[in-house]
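Have a look at the structure below, then the notes.
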Amino acid sequence: MSSRGYTVLGWAVWQVATRVAKRKMARNKVKLGAAATVLLVLIGGLAIAKATSGEE
């Protein structure tokens with residue numbers, strides 16, 4: 001397959017993948033929101049722990 005063929009194939013796969021991902025995210029907004037909240041809390045906790053441990 002030529003370079004142009006791979007480019008077209010890659011573009012087509014990207015289009016399908018983004019549409020599927022958008023559909024799945026729309027169905028799972030509550031789960032995604034909860035996961036994002038947990039992730040932010042964990043990152044915040046790690047940042048606080050690092051900041052307080054450096055003040056010895």
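- Grouping Ile, Leu, Val, Met, Phe, Trp and Tyr by side-chain contacts under 4.5 Å, direct or through others, leaves V8 on its own.
- The hydrophobic cluster containing V38, built from Ile/Leu/Val/Met/Phe/Trp/Tyr side-chain heavy atoms closer than 4.5 Å, also comprises L42.
- Cluster partners of I43, by chain and number: L39. The rule joins Ile, Leu, Val, Met, Phe, Trp and Tyr whenever side-chain heavy atoms lie under 4.5 Å apart.
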Identify each donor-acceptor pair in which a side-chain atom of residues 16-37 lies under 3.5 Å from a protein atom, sequence neighbours left out, and give them as a table.
from : atom 1 : to  : atom 2 : distance (Å)
T18  : OG1    : W14 : O      : 3.0
T18  : OG1    : Q15 : O      : 3.0
N28  : ND2    : K24 : O      : 3.3
T37  : OG1    : G33 : O      : 2.8

